[in-house]
Colleague: 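Supplied in C-alpha coordinates, the structure appears directly below.
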Amino acid sequence: MSGKDPVSHADASQTPEEILAYWTPERMAEAQPREIRLPAAQDDPAQDDAAQQPEDN
Amino acid sequence: MTSKKSLATSLMSLSAGLLLTLSAAGGATASPATSQDSVQPQIASTAIPSSTAAAYWTSERMRAAIPGDVLAEKAVARHNSKSNNLGGILEKGSSTKIPGTSARGKTTSLHMNEQPVSHIGKVFFTLNGGNYVCSGNSVTSANKSTVSTAGHCLNSGPGAFASNFVFVPAYRDGVAPYGKWAAKALYAPTQWSADGNIQYDTGFAVVSQLNSRNLADVVGAVGVAFNQPRGLTYKAYGYPAAKPFTGQTLVSCSGKAGNDALNPQFETQGIPCDMTGGSSGGPWLVPGDPADGLGYQNSVNSYGYGTRATTMYGPYWGEVIAQVYARAEAAK
(Lines give C-alpha, C1' and ligand atoms only; values in the text may rest on other atoms or scores of the structure.)
Protein backbone atom coordinates (compact mmCIF):
# COMPACT_ATOMS: atom_id res chain seq x y z
CA MET A 1 0.00 0.00 0.00
CA SER A 2 2.95 2.35 0.31
CA GLY A 3 2.53 5.32 -1.96
CA LYS A 4 -1.09 4.44 -2.74
CA ASP A 5 -3.86 6.67 -1.44
CA PRO A 6 -5.72 4.54 1.11
CA VAL A 7 -8.95 6.28 0.17
CA SER A 8 -10.74 5.89 -3.16
CA HIS A 9 -13.66 7.95 -4.25
CA ALA A 10 -15.87 8.73 -7.20
CA ASP A 11 -18.07 11.73 -7.87
CA ALA A 12 -21.55 11.11 -9.22
CA SER A 13 -21.93 11.70 -12.92
CA GLN A 14 -25.67 12.28 -12.62
CA THR A 15 -27.51 15.17 -11.05
CA PRO A 16 -29.59 14.52 -7.92
CA GLU A 17 -32.71 15.03 -10.01
CA GLU A 18 -31.61 12.38 -12.49
CA ILE A 19 -30.84 9.91 -9.72
CA LEU A 20 -34.18 10.47 -7.99
CA ALA A 21 -36.02 10.13 -11.28
CA TYR A 22 -34.22 6.87 -11.98
CA TRP A 23 -35.60 5.18 -8.88
CA THR A 24 -39.17 4.55 -9.88
CA PRO A 25 -41.27 2.43 -7.51
CA GLU A 26 -40.89 -0.46 -9.93
CA ARG A 27 -37.10 -0.28 -9.97
CA MET A 28 -36.96 -0.01 -6.19
CA ALA A 29 -39.19 -3.05 -5.83
CA GLU A 30 -37.11 -5.08 -8.26
CA ALA A 31 -33.69 -4.14 -6.88
CA GLN A 32 -31.81 -7.23 -5.73
CA PRO A 33 -30.14 -7.53 -2.34
CA ARG A 34 -26.37 -7.38 -2.72
CA GLU A 35 -24.57 -9.56 -0.27
CA ILE A 36 -21.40 -11.46 0.40
CA ARG A 37 -21.71 -15.15 1.18
CA LEU A 38 -18.61 -17.15 1.82
CA PRO A 39 -18.52 -20.93 1.51
CA ALA A 40 -19.86 -22.50 4.69
CA ALA A 41 -17.63 -24.39 7.07
CA GLN A 42 -17.61 -28.11 6.29
CA ASP A 43 -18.14 -28.92 9.94
CA ASP A 44 -21.23 -26.78 10.25
CA PRO A 45 -24.27 -28.78 9.04
CA ALA A 46 -26.49 -25.75 9.39
CA GLN A 47 -24.77 -23.99 6.54
CA ASP A 48 -24.37 -24.67 2.86
CA ASP A 49 -21.43 -23.98 0.67
CA ALA A 50 -23.50 -22.51 -2.08
CA ALA A 51 -22.37 -18.98 -2.32
CA GLN A 52 -19.52 -16.90 -3.54
CA GLN A 53 -18.85 -13.25 -2.93
CA PRO A 54 -20.43 -10.94 -3.71
CA GLU A 55 -23.69 -12.23 -5.08
CA ASP A 56 -25.07 -10.52 -8.15
CA ASN A 57 -28.42 -12.20 -7.86
CA MET B 1 -72.23 -24.33 37.88
CA THR B 2 -70.17 -24.64 41.01
CA SER B 3 -67.95 -27.55 41.82
CA LYS B 4 -65.21 -28.63 44.15
CA LYS B 5 -61.99 -29.81 42.60
CA SER B 6 -58.56 -30.78 43.70
CA LEU B 7 -55.75 -28.52 42.55
CA ALA B 8 -54.57 -31.09 40.01
CA THR B 9 -58.02 -31.51 38.51
CA SER B 10 -58.44 -27.78 38.24
CA LEU B 11 -55.18 -27.36 36.38
CA MET B 12 -56.30 -29.96 33.87
CA SER B 13 -59.50 -28.05 33.39
CA LEU B 14 -57.54 -24.89 32.67
CA SER B 15 -56.01 -26.46 29.62
CA ALA B 16 -59.35 -27.65 28.33
CA GLY B 17 -61.23 -24.41 28.35
CA LEU B 18 -61.82 -21.08 29.95
CA LEU B 19 -61.94 -21.48 33.68
CA LEU B 20 -62.41 -18.53 35.92
CA THR B 21 -62.37 -18.37 39.66
CA LEU B 22 -64.85 -15.69 40.43
CA SER B 23 -66.70 -14.63 43.48
CA ALA B 24 -68.72 -11.79 42.10
CA ALA B 25 -69.45 -12.04 38.42
CA GLY B 26 -70.37 -15.71 38.22
CA GLY B 27 -72.08 -16.10 41.54
CA ALA B 28 -69.81 -18.96 42.57
CA THR B 29 -68.75 -19.27 46.18
CA ALA B 30 -66.03 -21.18 47.87
CA SER B 31 -67.48 -24.13 49.71
CA PRO B 32 -66.25 -25.04 53.13
CA ALA B 33 -63.97 -28.03 53.27
CA THR B 34 -65.59 -31.27 54.30
CA SER B 35 -64.05 -34.00 56.35
CA GLN B 36 -63.61 -36.41 53.42
CA ASP B 37 -61.32 -34.16 51.48
CA SER B 38 -59.91 -32.01 54.18
CA VAL B 39 -56.34 -32.78 53.17
CA GLN B 40 -56.74 -31.12 49.77
CA PRO B 41 -57.43 -27.48 49.06
CA GLN B 42 -60.90 -26.77 47.81
CA ILE B 43 -61.25 -24.67 44.72
CA ALA B 44 -64.48 -23.15 43.61
CA SER B 45 -64.65 -22.88 39.86
CA THR B 46 -67.13 -21.56 37.40
CA ALA B 47 -66.98 -22.20 33.69
CA ILE B 48 -68.30 -19.22 31.77
CA PRO B 49 -68.51 -18.84 28.02
CA SER B 50 -65.96 -16.27 26.91
CA SER B 51 -68.66 -14.34 25.11
CA THR B 52 -70.57 -13.94 28.37
CA ALA B 53 -67.53 -12.65 30.21
CA ALA B 54 -66.69 -10.27 27.41
CA ALA B 55 -70.21 -8.93 27.29
CA TYR B 56 -70.26 -8.45 31.05
CA TRP B 57 -67.33 -6.04 30.98
CA THR B 58 -68.96 -2.96 29.58
CA SER B 59 -67.02 0.29 29.59
CA GLU B 60 -69.00 1.44 32.60
CA ARG B 61 -68.24 -1.72 34.61
CA MET B 62 -64.55 -1.60 33.77
CA ARG B 63 -64.32 2.03 34.92
CA ALA B 64 -66.26 1.25 38.12
CA ALA B 65 -64.31 -1.91 38.99
CA ILE B 66 -62.80 -1.84 42.50
CA PRO B 67 -59.02 -2.18 42.65
CA GLY B 68 -58.01 -5.70 43.58
CA ASP B 69 -55.92 -4.57 46.50
CA VAL B 70 -59.10 -3.43 48.27
CA LEU B 71 -60.40 -6.98 48.08
CA ALA B 72 -57.06 -8.30 49.21
CA GLU B 73 -57.14 -6.11 52.29
CA LYS B 74 -60.58 -7.48 53.16
CA ALA B 75 -59.37 -11.04 52.67
CA VAL B 76 -56.45 -10.45 55.00
CA ALA B 77 -58.79 -8.97 57.56
CA ARG B 78 -61.06 -12.00 57.35
CA HIS B 79 -58.12 -14.34 57.70
CA ASN B 80 -56.92 -12.55 60.78
CA SER B 81 -60.33 -12.43 62.41
CA LYS B 82 -61.18 -16.12 62.42
CA SER B 83 -59.62 -19.52 62.29
CA ASN B 84 -59.18 -20.90 58.81
CA ASN B 85 -58.84 -24.62 58.29
CA LEU B 86 -56.85 -24.07 55.11
CA GLY B 87 -53.99 -22.74 57.21
CA GLY B 88 -50.74 -24.54 56.49
CA ILE B 89 -51.77 -25.98 53.13
CA LEU B 90 -49.64 -23.46 51.31
CA GLU B 91 -46.58 -24.94 52.93
CA LYS B 92 -47.24 -28.47 51.65
CA GLY B 93 -46.58 -30.19 48.33
CA SER B 94 -43.63 -30.82 46.10
CA SER B 95 -41.88 -28.08 44.20
CA THR B 96 -43.66 -27.43 40.91
CA LYS B 97 -42.76 -25.26 37.95
CA ILE B 98 -45.02 -24.87 34.94
CA PRO B 99 -43.26 -23.08 32.08
CA GLY B 100 -44.97 -20.26 30.25
CA THR B 101 -45.05 -19.65 26.53
CA SER B 102 -44.35 -16.51 24.56
CA ALA B 103 -47.10 -14.97 22.48
CA ARG B 104 -45.44 -16.15 19.28
CA GLY B 105 -44.64 -19.59 20.59
CA LYS B 106 -41.24 -21.17 20.67
CA THR B 107 -38.76 -19.50 18.36
CA THR B 108 -35.13 -19.78 17.44
CA SER B 109 -35.06 -16.44 15.67
CA LEU B 110 -31.87 -14.43 16.02
CA HIS B 111 -33.42 -11.12 15.07
CA MET B 112 -35.94 -8.61 16.37
CA ASN B 113 -38.44 -6.67 14.32
CA GLU B 114 -37.99 -2.94 14.75
CA GLN B 115 -39.97 0.22 14.18
CA PRO B 116 -38.34 2.56 11.65
CA VAL B 117 -35.38 4.56 12.94
CA SER B 118 -35.02 8.00 11.39
CA HIS B 119 -31.30 7.78 10.59
CA ILE B 120 -31.27 4.17 9.35
CA GLY B 121 -32.54 3.29 5.90
CA LYS B 122 -32.17 1.46 2.65
CA VAL B 123 -29.73 2.34 -0.10
CA PHE B 124 -30.41 1.68 -3.76
CA PHE B 125 -27.73 1.74 -6.43
CA THR B 126 -26.71 0.52 -9.86
CA LEU B 127 -23.57 -1.57 -10.21
CA ASN B 128 -22.31 -3.35 -13.31
CA GLY B 129 -25.69 -2.77 -14.99
CA GLY B 130 -27.82 -4.23 -12.19
CA ASN B 131 -29.99 -2.50 -9.63
CA TYR B 132 -29.28 -3.43 -6.03
CA VAL B 133 -30.44 -2.70 -2.51
CA CYS B 134 -28.55 -2.62 0.80
CA SER B 135 -28.84 -0.77 4.11
CA GLY B 136 -27.19 2.41 5.39
CA ASN B 137 -27.04 4.92 8.22
CA SER B 138 -26.66 8.67 8.62
CA VAL B 139 -23.46 9.33 10.59
CA THR B 140 -22.22 12.48 12.25
CA SER B 141 -20.16 14.61 9.88
CA ALA B 142 -18.93 18.09 9.19
CA ASN B 143 -20.95 18.18 5.98
CA LYS B 144 -24.06 16.80 7.74
CA SER B 145 -24.56 14.64 4.68
CA THR B 146 -22.63 11.38 5.18
CA VAL B 147 -24.11 7.89 4.98
CA SER B 148 -22.27 4.73 6.02
CA THR B 149 -22.75 1.41 4.27
CA ALA B 150 -20.76 -1.63 3.24
CA GLY B 151 -17.98 -1.31 0.66
CA HIS B 152 -19.72 -3.87 -1.52
CA CYS B 153 -22.81 -1.65 -1.53
CA LEU B 154 -21.07 1.15 -3.41
CA ASN B 155 -18.11 -0.46 -5.16
CA SER B 156 -17.59 -3.80 -6.89
CA GLY B 157 -14.52 -4.53 -4.80
CA PRO B 158 -12.44 -4.66 -6.86
CA GLY B 159 -13.88 -2.56 -9.63
CA ALA B 160 -16.14 0.33 -10.42
CA PHE B 161 -18.06 2.57 -8.08
CA ALA B 162 -21.86 2.45 -8.17
CA SER B 163 -24.11 4.95 -9.89
CA ASN B 164 -27.64 6.10 -9.06
CA PHE B 165 -26.87 5.77 -5.35
CA VAL B 166 -29.75 6.95 -3.16
CA PHE B 167 -30.41 6.74 0.61
CA VAL B 168 -33.96 6.29 1.90
CA PRO B 169 -34.00 6.81 5.68
CA ALA B 170 -36.71 5.20 7.82
CA TYR B 171 -38.03 3.31 4.82
CA ARG B 172 -41.06 1.15 5.53
CA ASP B 173 -43.33 -0.70 3.13
CA GLY B 174 -42.36 1.45 0.18
CA VAL B 175 -42.81 4.73 2.03
CA ALA B 176 -39.94 7.24 2.32
CA PRO B 177 -41.04 9.50 5.19
CA TYR B 178 -37.90 11.66 5.02
CA GLY B 179 -37.49 11.58 1.27
CA LYS B 180 -34.80 10.08 -0.97
CA TRP B 181 -31.28 11.48 -0.79
CA ALA B 182 -29.12 11.20 -3.90
CA ALA B 183 -25.37 10.70 -3.47
CA LYS B 184 -22.93 13.11 -5.06
CA ALA B 185 -19.77 11.23 -4.07
CA LEU B 186 -18.81 7.75 -2.87
CA TYR B 187 -15.80 6.78 -0.74
CA ALA B 188 -14.20 3.41 -0.01
CA PRO B 189 -10.88 2.07 1.24
CA THR B 190 -8.58 1.50 -1.71
CA GLN B 191 -7.92 -1.94 -0.30
CA TRP B 192 -11.59 -2.65 -1.00
CA SER B 193 -11.97 -0.82 -4.32
CA ALA B 194 -8.68 -2.08 -5.77
CA ASP B 195 -8.25 -5.45 -4.11
CA GLY B 196 -11.67 -6.48 -2.79
CA ASN B 197 -10.12 -7.07 0.61
CA ILE B 198 -13.07 -7.99 2.80
CA GLN B 199 -11.22 -6.71 5.84
CA TYR B 200 -12.12 -3.21 4.61
CA ASP B 201 -15.72 -3.75 3.49
CA THR B 202 -17.01 -0.31 4.41
CA GLY B 203 -17.96 2.75 2.38
CA PHE B 204 -19.40 6.21 2.83
CA ALA B 205 -21.70 8.20 0.57
CA VAL B 206 -22.01 11.97 0.65
CA VAL B 207 -25.55 12.97 -0.30
CA SER B 208 -26.87 16.19 -1.80
CA GLN B 209 -29.21 18.47 0.05
CA LEU B 210 -32.91 17.80 -0.28
CA ASN B 211 -35.24 20.78 -0.27
CA SER B 212 -32.27 22.95 0.79
CA ARG B 213 -31.72 20.92 3.95
CA ASN B 214 -28.90 18.65 5.03
CA LEU B 215 -29.53 15.01 5.83
CA ALA B 216 -28.32 15.14 9.43
CA ASP B 217 -30.57 18.12 10.15
CA VAL B 218 -33.56 16.10 8.99
CA VAL B 219 -32.98 12.58 10.30
CA GLY B 220 -30.16 13.00 12.82
CA ALA B 221 -26.75 11.38 12.69
CA VAL B 222 -25.11 8.72 14.81
CA GLY B 223 -21.63 9.15 16.22
CA VAL B 224 -18.80 6.97 14.97
CA ALA B 225 -16.06 5.17 16.86
CA PHE B 226 -12.79 3.71 15.60
CA ASN B 227 -10.00 1.62 17.09
CA GLN B 228 -12.25 0.30 19.82
CA PRO B 229 -11.62 -2.84 21.88
CA ARG B 230 -12.66 -6.10 20.26
CA GLY B 231 -15.49 -8.15 21.71
CA LEU B 232 -17.96 -5.35 22.31
CA THR B 233 -21.69 -5.97 22.45
CA TYR B 234 -23.45 -4.60 19.38
CA LYS B 235 -26.92 -3.98 18.06
CA ALA B 236 -26.90 -4.38 14.29
CA TYR B 237 -29.69 -3.03 12.09
CA GLY B 238 -30.66 -3.78 8.53
CA TYR B 239 -33.35 -4.33 5.94
CA PRO B 240 -32.94 -8.00 5.02
CA ALA B 241 -34.72 -8.64 1.74
CA ALA B 242 -33.76 -12.18 0.83
CA LYS B 243 -36.12 -14.89 2.06
CA PRO B 244 -37.61 -15.31 4.58
CA PHE B 245 -37.54 -11.51 4.89
CA THR B 246 -39.19 -9.02 2.56
CA GLY B 247 -36.97 -5.95 2.87
CA GLN B 248 -39.97 -3.84 3.79
CA THR B 249 -39.23 -3.40 7.49
CA LEU B 250 -36.27 -2.77 9.78
CA VAL B 251 -34.75 -5.68 11.70
CA SER B 252 -32.03 -5.89 14.34
CA CYS B 253 -29.68 -8.43 15.89
CA SER B 254 -27.82 -8.06 19.17
CA GLY B 255 -24.90 -9.83 20.73
CA LYS B 256 -21.31 -9.87 21.87
CA ALA B 257 -18.85 -9.91 19.01
CA GLY B 258 -16.43 -12.75 18.48
CA ASN B 259 -13.65 -13.31 16.00
CA ASP B 260 -14.13 -15.09 12.68
CA ALA B 261 -12.60 -18.44 13.53
CA LEU B 262 -12.73 -19.64 9.91
CA ASN B 263 -10.85 -16.68 8.49
CA PRO B 264 -9.08 -14.94 11.34
CA GLN B 265 -6.89 -13.08 8.84
CA PHE B 266 -9.94 -10.94 8.01
CA GLU B 267 -9.77 -9.53 11.54
CA THR B 268 -13.56 -9.18 11.38
CA GLN B 269 -15.98 -9.87 14.20
CA GLY B 270 -19.31 -11.69 14.20
CA ILE B 271 -22.51 -11.54 16.21
CA PRO B 272 -25.43 -14.01 16.33
CA CYS B 273 -27.72 -12.94 13.50
CA ASP B 274 -29.91 -14.49 10.84
CA MET B 275 -30.47 -11.40 8.70
CA THR B 276 -30.17 -12.09 4.98
CA GLY B 277 -29.19 -10.18 1.84
CA GLY B 278 -30.30 -6.57 1.84
CA SER B 279 -29.08 -6.03 5.39
CA SER B 280 -25.54 -5.45 4.11
CA GLY B 281 -24.28 -2.02 5.11
CA GLY B 282 -26.61 -1.71 8.08
CA PRO B 283 -24.94 -0.13 11.13
CA TRP B 284 -23.48 -1.89 14.14
CA LEU B 285 -24.10 0.33 17.13
CA VAL B 286 -22.61 0.35 20.60
CA PRO B 287 -24.29 2.24 23.43
CA GLY B 288 -23.26 5.80 23.99
CA ASP B 289 -24.03 8.43 26.55
CA PRO B 290 -27.58 7.76 27.72
CA ALA B 291 -28.22 11.48 27.34
CA ASP B 292 -27.86 11.39 23.56
CA GLY B 293 -29.59 8.05 23.14
CA LEU B 294 -28.04 7.33 19.76
CA GLY B 295 -24.88 5.42 20.50
CA TYR B 296 -21.89 5.07 18.21
CA GLN B 297 -21.46 3.18 14.99
CA ASN B 298 -18.49 0.86 14.98
CA SER B 299 -19.02 -1.48 12.00
CA VAL B 300 -21.47 -2.57 9.30
CA ASN B 301 -23.17 -5.79 8.23
CA SER B 302 -20.68 -7.34 5.82
CA TYR B 303 -20.84 -11.08 5.19
CA GLY B 304 -21.96 -14.49 6.38
CA TYR B 305 -21.22 -18.11 5.64
CA GLY B 306 -23.51 -20.29 3.55
CA THR B 307 -27.14 -19.77 2.74
CA ARG B 308 -28.50 -20.12 6.28
CA ALA B 309 -25.96 -18.09 8.15
CA THR B 310 -26.53 -17.57 11.85
CA THR B 311 -23.62 -15.18 12.32
CA MET B 312 -23.24 -11.75 10.72
CA TYR B 313 -19.71 -10.49 10.37
CA GLY B 314 -18.53 -6.90 10.22
CA PRO B 315 -15.16 -5.29 9.55
CA TYR B 316 -13.04 -3.93 12.36
CA TRP B 317 -13.15 -0.16 12.09
CA GLY B 318 -9.52 0.76 12.50
CA GLU B 319 -7.26 3.47 11.16
CA VAL B 320 -7.86 2.87 7.44
CA ILE B 321 -11.63 3.08 7.67
CA ALA B 322 -11.23 6.11 9.93
CA GLN B 323 -9.30 7.81 7.12
CA VAL B 324 -12.05 7.02 4.62
CA TYR B 325 -14.65 8.43 6.97
CA ALA B 326 -12.55 11.56 7.53
CA ARG B 327 -12.33 12.24 3.80
CA ALA B 328 -16.04 11.67 3.26
CA GLU B 329 -17.32 13.71 6.18
CA ALA B 330 -15.18 16.68 5.20
CA ALA B 331 -16.24 16.63 1.55
CA LYS B 332 -18.19 19.64 0.37
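All heavy atoms count here, side chains included; hydrogens, waters and symmetry mates do not. Chain naming here is simple, since letters A, B, ... match the order of the sequence lines and numbering starts at 1 in each.
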Colleague: Would you name the heavy atoms of A:Ile36 and B:Ser302 that are closest together and state the gap between them?
Modeller: CB-O, 3.8 Å
Colleague: Backbone N or O of A:Arg34 within a donor-acceptor pair of the B:Ser280 side chain at under 3.5 Å?
Modeller: yes
Colleague: Can you tell which part of B:Asp201 gets under 4.5 Å to a heavy atom of chain A, answering side chain, backbone, both or neither?
Modeller: side chain
Colleague: Please find the pair of heavy atoms, one from A:Ile19 and one from B:Ala183, that lie closest to each other, and give the distance.
Modeller: CD1-O, 3.5 Å
Colleague: What's the shortest heavy-atom distance between A:Ser8 and B:Ser193, and which atoms?
Modeller: OG-OG, 2.8 Å
Colleague: Is the B:Tyr187 ring parallel, tilted or perpendicular to the A:His9 ring (thresholds 30°, 60°)?
Modeller: parallel
Colleague: Mind listing the closest non-hydrogen atom pair of B:Ala242 and A:Pro33 along with its distance?
Modeller: N-CG, 4.2 Å
Colleague: Assess the side chains of A:Gln14 and B:Asn164: does a donor N or O sit below 3.5 Å from an acceptor N or O?
Modeller: yes
Colleague: Let me know if B:Ser135 has heavy atoms under 4.5 Å from chain A in its side chain, its backbone, both or neither.
Modeller: neither
Colleague: Is it the side chain or the backbone of A:Pro25 that comes within 4.5 Å of chain B heavy atoms, both, or neither?
Modeller: neither
Colleague: Might you point out which heavy atoms bring A:Ala40 and B:Tyr305 nearest each other, and give the distance in Å?
Modeller: CA-CB, 4.1 Å
Colleague: Could you check whether any side-chain N or O of B:Thr190 sits under 3.5 Å from a backbone N or O of A:Asp5, counting only pairs where one atom can act as donor and the other as acceptor?
Modeller: yes
Colleague: Side chain from CB out, backbone as N, CA, C, O: work out which of these in B:Phe124 comes under 4.5 Å of a heavy atom of chain A, or both, or neither.
Modeller: both
